[in-house]
Amino acid sequence: MKTIDELLSEGVAGKRVFVRADLNVPLDGTTITDDGRIRAVLPTVKALAEAGARVVVASHLGRPKGAPDPAFSLAPAATRLGELLGAEVAFAADTVGDSATSTVSGLTDGKVAVLENLRFNAGETSKDDAERAAFADRLAALADVYVGDGFGAVHRKHASVFDLPKRLPHYAGYLIATEVGVLKKLTEDVKRPYVVALGGAKVSDKLAVIDQLLGKADRLLIGGGMAYTFLKAKGYEVGRSLLQEDQIPAVTEYLERAEKQGVELVLPVDALVAPEFPDLKTKAPANPTAVAADAIPADQEGLDIGPETRKLYASKLADAATVFWNGPMGVFEHPDYAEGTKAVAQALIDSPGFTVVGGGDSAAAVRTLGFDEQAFGHISTGGGASLEYLEGKTLPGLAALED
């Protein structure tokens, strides 16, 4: 795929450059609680603006139902982008209507505008090709060139991600180029030992990637809510812990395959349990108990890996040459259940190898728990996109940029 460096070498002064970014930031009302995704697109926006382009930034935020919803407005993200750029950023109150048209028309060389949430238009996410195409046509009228830099959305067959690049000269921004380069290190000529730590709530979300990694990774460390389905598959009592019983046959097969293929699939040896899920708003003390993984009481719920598992996982990561981590080890949002996730994050920092934090909740945990982002080899901006790439799927947004 062509990159932004090639576009810059061709010259962009005076051109309207549509940047499909990922400004899908978490909000508390109108307050951004983590601006990582906005900072991730800064290099691309800055380079284009400094080269004299008229930059039109577009993104989705949340899951509005194809119509305007103030709760999902990109206005706070536009304001934050302007603060980070140190320059005024214009904001269009719609996506392809009068406000968008006049805002883009009013741009001068080197200036930046942000369009309102793309998902306020049903055509963005429509499964109907014609409806998506019609929206893409209207977006294309706002620009001369397309730059894809919203890695967190490239696994979606949406109008601004898949259809729009086909209508304009298209290039990959710095973020997408970096993300793809990192993922190639996890799939091609991987340095070993290659260790993957997977957590998160549902094992069903990770089955496809586990299936692929059983043929590639040397070790798989399993934590988070998904671990209890693995423990149940081994015949353990898991009490009131998160459990997907319908996935037990698949998990049992993976345990057997791992043994046959010589892949070390490591499960928790202990867990922190409590009678109920903690209050994440008040962060009231939860007073959990550490118990062996095969001795979870029937009336208790597993909410984090235990102290012995923390030590075990740290030891399994200590000699890794390549590490991919996706998914927290427990309910890290509550201080009583954050130690497992902290331990894995610290083990990645201590590892001598190339370490990748696979976006989503893992990236949020790194920031929430106060770790230095620069201490990791790479923190992805797209958890779902990263996983689908590792699963070997064709990502529509990348395929469109490669055409």
Side-chain angles (χ1 to χ4, degrees), residues 40 151-152 154-155 175-200 205-224 226-227 254 257-268 305 309-329 340-366 371-393 395 398:
F151 181 74
V154 294
H155 58 313
L175 176 60
I176 280 187
T178 298
E179 294 272 14
V180 171
V182 166
L183 289 167
K184 283 183 177 178
K185 290 185 180 180
L186 300 178
T187 54
E188 302 170 12
D189 300 321
V190 182
K191 292 184 180 178
R192 300 185 179 277
Y194 178 19
V195 184
V196 176
L198 294 176
D205 293 341
K206 304 284 173 31
L207 286 179
V209 77
I210 292 171
D211 184 57
Q212 286 292 316
L213 290 169
L214 282 174
K216 292 176 180 150
D218 299 299
R219 287 182 209 130
L220 286 175
L221 314 181
I222 306 295
M226 63 183 284
Y254 289 159
R257 271 180 56 197
E259 189 171 358
K260 285 178 186 174
Q261 292 177 217
V263 176
E264 198 178 351
L265 199 157
V266 189
L267 300 177
I305 57 174
T309 306
R310 289 176 225 148
K311 292 177 194 170
L312 173 65
Y313 286 10
S315 72
K316 297 296 183 182
L317 289 161
D319 67 342
T322 304
V323 182
F324 175 72
W325 169 36
N326 181 280
M329 295 292 110
T341 302
K342 281 183 183 176
V344 168
Q346 188 60 52
L348 262 70
I349 291 171
D350 295 340
S351 168
F354 178 61
T355 58
V356 178
V357 180
D361 287 340
S362 311
V366 163
F371 288 96
D372 178 5
E373 295 179 49
Q374 304 305 314
F376 301 89
H378 179 70
I379 298 179
S380 179
T381 56
S386 295
L387 287 176
E388 291 197 17
Y389 189 101
L390 294 181
E391 288 166 20
K393 290 184 178 179
L395 306 189
L398 296 186

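Because the structure is a prediction, the values reported are computed rather than measured. By convention here, the first residue in the shown sequence is residue 1.
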- Message: Quick check: closest heavy atoms across A363 and V357, and the distance to 0.1 Å?
- Response: N-CG1, 3.8 Å

- Item | CA sep, side-chain torsions, deciding dist, call: K206, L220, side chain to side chain contact (heavy atoms under 4.5 Å, CB included) | CA-CA 12 Å; K206 304 284 173 31; L220 286 175; over 6 Å; no

- Atom CD1 in I176, atom CZ in F151: separation rounded to 0.5 Å? 7.5 Å

- Query: Just wondering, do V196 and V209 contact through their side chains at under 4.5 Å, heavy atoms?
  - Reply: no

- Please report the shortest heavy-atom distance between P193 and D218, naming the atom on each side. CA-OD2, 3.3 Å

- Task: Please name all residues satisfying side chain to side chain contact (heavy atoms under 4.5 Å, CB included) with K185, sequence neighbours left out, ordered by chain then number.
- Result: F354

- List for me each residue that meets side chain to side chain contact (heavy atoms under 4.5 Å, CB included) alongside Q261, sequence neighbours excluded, and say none if there are none. L214, R257, V263

- For A177, the side chain to side chain contact (heavy atoms under 4.5 Å, CB included) test, sequence neighbours excluded, returns none

- Message: Quick check: do E179 and Y389 have side-chain heavy atoms less than 4.5 Å from each other?
- Response: no

- side chain to side chain contact (heavy atoms under 4.5 Å, CB included) involving E259 - partner list, sequence neighbours excluded: none

- What heavy-atom pair brings P328 and T341 nearest, and what distance separates the two atoms? CB-OG1, 3.6 Å

- Does the side chain of L186 reach to within under 4.5 Å of the side chain of H378, using non-hydrogen atoms? no

- Which heavy atom of V356 sits nearest a heavy atom of V182, and at what distance? CG2-CG1, 3.6 Å

- Please confirm whether the backbone N or O of G382 pairs with a side-chain atom of S386, one donor and one acceptor, at under 3.5 Å? yes

- Task: Answer yes or no: does atom NZ of K216 have more than 12 heavy-atom neighbours from other residues, nucleotides or ligands under 6.0 Å?
- Result: yes

- Query: Measuring from D189:CG to T322:OG1, what's the distance to the nearest 0.5 Å?
  - Reply: 10.5 Å

- Query: Hey, what do you get for CG (L183) to OG (S380), rounding to the nearest 0.5 Å?
  - Reply: 6.5 Å

- Item | Considering all heavy atoms, the nearest G199-M226 contact | O-SD, 3.2 Å

- Query: Between A227 and I222, what is the shortest heavy-atom contact and its length?
  - Reply: CA-CG2, 3.8 Å

- Would you find a donor on one side and an acceptor on the other, under 3.5 Å apart, between the side chain of S351 and the backbone of A318? no

- Below 4.5 Å, heavy atoms only, C-beta onward: do H155 and K393 meet side chain to side chain? no

- Side chains of Y254 and L207 in contact at under 4.5 Å (non-hydrogen atoms): yes

- Item | Validation row: V366, W325 side chains within 4.5 angstrom (heavy atoms) | yes

- Message: I need the full list of salt bridge (Lys or Arg N to Asp or Glu O under 4.0 Å) pairs touching residues 319-329, with sequence neighbours left out, sorted by first then second residue.
- Response: R219-D319

- Would you give the length of the straight line joining atom CG of L317 to atom OG1 of T355, rounded to the nearest 0.5 angstrom? 10.0 Å

- Pairs flagged by salt bridge (Lys or Arg N to Asp or Glu O under 4.0 Å) wherever residues 340-351 is involved - sequence neighbours left out: E339-K342

- Item | Flag side-chain contact, heavy atom, 4.5 Å: L390 against T187 | yes

- Could you give the distance from CG (L198) to CE (M329), rounded to the nearest 0.5 Å? 7.5 Å

- Message: What's the separation between atom CZ in F324 and atom CG in L387, rounded to the nearest 0.5 Å?
- Response: 5.0 Å

